[in-house]
Enquirer: 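Below is the structure I would like to discuss, written out as structure tokens.
Please read these numbers as outputs of a predicted model, since none were measured by experiment. Sequence lines set the chain letters: A, B, ... in the order given, protein chains first and strands last, and positions in each chain run from 1.
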There are 2 protein chains.
Amino acid sequence: MVKITDVARHAGVAPSTVSYALSGKRPISAATRRRVEESIRALGYRPPLGLGGAGRRGSNVLALVTPLRAGVPAPAAMEYALAAVTAARGHDHDVLLVVREEGEEALRQVVESTPADALIVTGGQARDARAPLLSLLRRHGRPSVLVGSPADPTGLTCVDLDHGAAGELCVEHLVGLGHRVVALVGAPPEAYLRGTGAAQRMVRGFTATADRHGLSSAVRPCPASPAAARAVAERLLRERPALTGVVVHNEAVVEPLIEAFEALGLRVPADLSLIAVRPPGPATTSRSPVTSVDVPAAEAGAGAVDLLMRKLNGAHVPETTLLPPRLTFRTTTGPRATP
Amino acid sequence: MVKITDVARHAGVAPSTVSYALSGKRPISAATRRRVEESIRALGYRPPLGLGGAGRRGSNVLALVTPLRAGVPAPAAMEYALAAVTAARGHDHDVLLVVREEGEEALRQVVESTPADALIVTGGQARDARAPLLSLLRRHGRPSVLVGSPADPTGLTCVDLDHGAAGELCVEHLVGLGHRVVALVGAPPEAYLRGTGAAQRMVRGFTATADRHGLSSAVRPCPASPAAARAVAERLLRERPALTGVVVHNEAVVEPLIEAFEALGLRVPADLSLIAVRPPGPATTSRSPVTSVDVPAAEAGAGAVDLLMRKLNGAHVPETTLLPPRLTFRTTTGPRATP
DNA sequence: TTGAAAGCGCTAACAC
DNA sequence: GTGTTAGCGCTTTCAA
């Protein structure tokens with residue numbers, strides 16, 4: 001394996017000069033730089049990929065950290081990874097997939113000792129488990145980007161779907177189809193206890209747009225279980241018999257909710273239109289073709305890498321980057337049946 | 001950041017002792033081990049994740065190397081990655097996604113300088129570009145596993161779908177549906193010029209099984225273009241007007257072939273049954289529900305990691321591991337129409 | 001603008 | 001079974 005000293009000898013300069021030529025951490029005369037570059041090419045030297053090593057250095061590796069619940073990596077994480085890898089390639093970086101159980105200790109280790117230049121952290125589902133990680137990221141020196149919307153983004157850099165705009169988009173879609181009575185089945189109640197965040201922005205976008213169009217609207221938090229979905233569906237229909245449009249902002253209950261409504265005698269989309277807002281993943285392309293606004297994995301992954309690169313270059317980046325929603329019209333929404 | 005010398009001091013032992021306690025590369029007395037472990041806990045020392053570093057050490061990182069054509073990571077690679085990450089987690093390893101353009105130089109660098117403990121190499125599509133890489137792997141010290149079937153697996157460790165069994169399975173499926181005249185539309189002609197390999201094994205399995213059942217069978221290589229697909233379809237029908245069962249062993253022409261047959265007036269599956277044998281990926285779960293035998297990504301990824309771990313532990317592993325095929329019955333096969 | 005030399009944190013020979 | 005010590009390849013002082 002050809003090393004930096006080989007290059008130095010070949011170019012007739014000191015090893016440190018090669019090092020600096022490589023890192024750009026101090027000015028090098030054009031002539032020397034050229035000679036060094038030539039030797040590098042001649043010998044085929046390649047800066048050791050992804051090491052941490054002795055003299056802490058750029059490793060050209062981005063860590064994609066995914067906390068997870070059960071031990072099984074979420075497909076959504078892979079969508080981000082795909083996008084991140086593609087984007088990272090363009091900046092001559094590789095991606096280290098770091099998958100860890102949720103919980104402070106395991107993640108602390110990663111954040112502190114990974115050799116990566118920078119970190120992308122995708123959303124841990126359990127909000128409580130995520131809090132310590134966030135404070136870690138805030139404190140820590142290494143550039144990082146969070147995919148998702150924490151309750152308090154201060155001091156962090158975040159990329160996420162613009163949930164407010166998503167709420168608006170969903171309502172506009174329903175309005176366009178003639179619906180006049182709509183409901184939002186939202187995140188579990190806990191999500192609303194915190195400050196700002198995806199859940200709240202969604203509610204605001206949804207409600208404001210419904211009001212603007214003079215719709216009758218309702219918002220119902222919903223725990224992530226089929227039983228809860230059934231309960232919500234029943235109550236909703238009892239209280240709003242004229243309901244024909246539903247937005248589901250809770251990945252776990254999309255299917256259960258559809259089943260619940262159908263069990264209650266409504267056909268989807270003939271009697272009831274339904275839109276899901278959810279993370280990317282195979283579900284997105286799966287058999288059940290639900291009209292949906294998906295968190296745009298490609299944009300999120302690419303955006304995260306982009307922000308990271310800018311941070312690595314010392315640039316200032318916005319605290320929160322919101323990605324515009326896109327609605328994919330599939331088979332669960334349709335025009336309101338004329339009574 | 002707390003380092004190994006801190007632990008050593010705190011435990012009252014030499015740094016090397018801590019190192020050895022960590023790596024298990026030499027016996028440590030129970031007492032010392034306990035003290036070291038206590039100090040580690042007390043100080044919160046964490047072995048630097050995934051470094052390559054000075055004194056070449058276990059990095060707890062597996063590199064998943066994916067050569068690619070266009071610069072866009074193949075979804076199939078992500079399927080492998082998902083499986084590999086899951087499996088690697090079980091062995092306390094992370095996965096470094098290394099995506100490079102095909103071609104000797106770029107890959108050589110990776111193989112030689114990546115800090116990973118071991119390598120998983122997924123199939124480069126261009127067989128010519130892959131050859132130099134293979135010889136590199138053979139020579140190189142680091143344990144590696146190739147996902148796919150090279151022409152000559154000598155000296156390598158490979159995991160792949162058992163294409164012979166897949167051919168057999170496809171024919172059995174068609175026979176079960178009553179088909180008597182079948183064809184295999186195979187890989188591009190170049191693939192057959194080499195020695196053994198996926199293409200050949202498929203042909204053998206297909207032909208042998210067809211013969212055993214007394215079917216009329218034909219094998220047609222097919223370049224990877226829609227035009228070629230149309231040409232093959234036409235010729236096939238001209239030469240075998242009674243053809244009702246087709247196995248496609250060429251990812252690129254599955255859809256074109258279906259279209260070609262339909263353009264020739266055959267309905268799928270009413271008049272013609274078609275099975276695809278292909279790599280995993282979104283295509284697998286996509287809108288077009290083609291009956292297929294897919295390379296099992298999960299098994300391949302997990303199997304590769306498993307083999308790697310055994311190699312890392314000094315165990316001897318078989319040169320080639322063939323994964324049993326599984327056929328997913330979807331909408332492109334059906335019973336032969338009774339004339 | 002560059003070299004020489006002193007580490008970086010860790011591992012692996014080599015002692016005892 | 002353990003401590004000593006010499007590196008590993010690279011970065012970063014410090015001097016020039």
Enquirer: Check whether A:R33 reaches the backbone of A:A21 with its side chain - one donor and one acceptor, N or O, closer than 3.5 Å.
Expert: yes

Enquirer: Tell me whether the OP1 or OP2 atom of D:dT12 has a side-chain N or O from A:K25 closer than 4.0 Å.
Expert: yes

Enquirer: Kindly compute the distance separating CG (A:L307) from SG (A:C158), expressed to the nearest 0.5 Å.
Expert: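 The CG atom of A:L307 sits 10.0 Å away from the SG atom of A:C158.
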
Enquirer: Over how many whole Å does the gap from A:I40 atom CD1 to D:dC10 atom C1' extend?
Expert: 13 Å

Enquirer: Assess, by modelled atom type and distance only, whether the side chains of A:T32 and A:S29 contain a donor and an acceptor separated by less than 3.5 Å.
Expert: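 Yes - a donor-acceptor pair under 3.5 Å links their side chains.
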
Enquirer: Tell me whether A:R9 is salt-bridged to A:D6, with the criterion being a basic N under 4.0 Å from an acidic carboxylate O.
Expert: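 Salt bridge between A:R9 and A:D6, a charged N being under 4.0 Å from a carboxylate O: yes.
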
Enquirer: From CD1 of B:I4 over to P of D:dG3, roughly how many Å is that when rounded to an integer?
Expert: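 Going from CD1 in B:I4 over to P in D:dG3 covers 13 Å.
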
Enquirer: Going by the rule side-chain contact (heavy atoms from CB on, under 4.5 Å), which residues pair with A:A302 if we only count those two or more places apart in sequence or in a different chain?
Expert: A:A87

Enquirer: Give each protein N/O atom lying under 3.5 Å from an N/O atom of nucleotides 2-4 of chain C, with the pair distance.
Expert:
unit_1	atom_1	unit_2	atom_2	d
C:dT2	OP1	A:S29	OG	2.7
C:dT2	OP1	A:T32	OG1	2.0
C:dT2	OP2	A:S29	N	2.9
C:dT2	O4	A:R26	NH1	3.3
C:dG3	OP2	A:A14	N	3.0
C:dG3	OP2	A:T17	OG1	2.4
C:dG3	N7	A:R26	NH2	3.3
C:dG3	O6	A:R26	NH1	2.9
C:dG3	O6	A:R26	NH2	3.3
C:dA4	N6	A:S16	OG	3.2

